[in-house]
Amino acid sequence: MVRHIFIGKFKENVSDEMKQKELVDLRAIKEKIPGVIDLHADFSTGWFGEKGQMTMIVDLPSAEDFQKYVVHPYHADYLVSQGKEIFESYNAAQIEF
């Protein structure tokens, strides 16, 4: 099993409407990209770390499925392109378990 973790920091000029659209689009990954077992996406609480960052966890069955996820058009073309417009920076990590 592979867990993909994404945390994106929004640019200052990004509206709440654009942030909500990103949340909806990220949550749609589960229906649009085959192989996703589970997905959670929301804004960070700020209990530890920065409040309001986009945070997402995606579980996939294998490293092979993760590689397919990365190059899937919904991720590679749409989400990455949109992300360049709204995120100042991001961190991503994967673990196998």
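Because the structure is predicted, anything quoted here is derived from the model rather than measured.
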Are any non-hydrogen side-chain atoms of L60 and V36 less than 4.5 angstrom apart? yes
Of all pairs that satisfy salt bridge (charged side-chain N to carboxylate O under 4.0 Å, His left out), the ones with a partner from residues 41-58, not counting sequence neighbours: K9-E50, R27-D42
Count the heavy atoms belonging to other residues, nucleotides or ligands that lie under 6.0 Å from NZ of K32, then report whether that count exceeds 12. no
Side-chain heavy atoms nearer than 4.5 Å, only ILVMFWY residues, links allowed to pass through others: does that put I5 and I37 together? no
Which residues satisfy the salt bridge (charged side-chain N to carboxylate O under 4.0 Å, His left out) test with E12, sequence neighbours excluded? none
Determine whether I29 and L79 satisfy the following criterion, side chain to side chain contact (heavy atoms under 4.5 Å, CB included), listing intermediate values before the conclusion. CA-CA 10 Å; I29 288 172; L79 291 176; 3.5 Å; yes
Between A41 and L26 the two heavy atoms that sit nearest each other are CB-CB, 4.3 Å
Is it the case that more than 12 heavy atoms not belonging to N91 sit under 6.0 Å from its CG atom? no
Nearest heavy-atom contact between P61 and G35 is CD-O, 3.0 Å
Do M54 and I57 share a hydrophobic cluster, counting only Ile, Leu, Val, Met, Phe, Trp and Tyr and linking them when any side-chain heavy atoms are less than 4.5 Å apart? no
Show me the pairs that pass ring-ring contact (aromatic ring centres under 6.0 Å, His included) and involve residues 1-43, at least two apart or across chains. H4-F66, H4-Y69, F6-F87, F6-Y90, F10-F87
In this structure, would V58 and Y78 fall into the same cluster of hydrophobic residues linked by side-chain contacts under 4.5 Å? yes
Main-chain N/O of T55 paired with S44 side-chain donor or acceptor, under 3.5 Å: no
Are there more than 12 heavy atoms of other residues, nucleotides or ligands under 6.0 Å from atom CZ of F97? yes
Any chance you could measure S81, atom OG, to H75, atom NE2, to the nearest 0.5 Å? 12.0 Å
Suppose we screen for salt bridge (charged side-chain N to carboxylate O under 4.0 Å, His left out). Which residues come up paired with K68, at least two apart in sequence or across chains? E64
What pairs meet the salt bridge (charged side-chain N to carboxylate O under 4.0 Å, His left out) rule with one or both residues in residues 14-23, with sequence neighbours excluded? K21-D25
Identify the heavy atoms of M56 and L39 that sit nearest to each other, and give their distance. SD-CD1, 4.1 Å
Run the salt bridge (charged side-chain N to carboxylate O under 4.0 Å, His left out) test against D59 and tell me which residues pass, sequence neighbours left out. R3
Exercise: identify the closest heavy-atom pair between V14 and I86: CG2-O, 3.3 Å
Taken in chain and number order and not counting sequence neighbours, the residues that satisfy side chain to side chain contact (heavy atoms under 4.5 Å, CB included) with E31 are none
Applying side-chain hydrogen bond (donor to acceptor under 3.5 Å, both in side chains), can you list everything that pairs with S62, at least two apart in sequence or on another chain? D65
For T45, give me all partners under side chain to side chain contact (heavy atoms under 4.5 Å, CB included), at least two apart in sequence or on another chain. W47
Shared hydrophobic cluster for Y74 and V70 (ILVMFWY, side-chain gaps under 4.5 Å): yes
Who are the salt bridge (charged side-chain N to carboxylate O under 4.0 Å, His left out) partners of K30, not counting sequence neighbours? D38
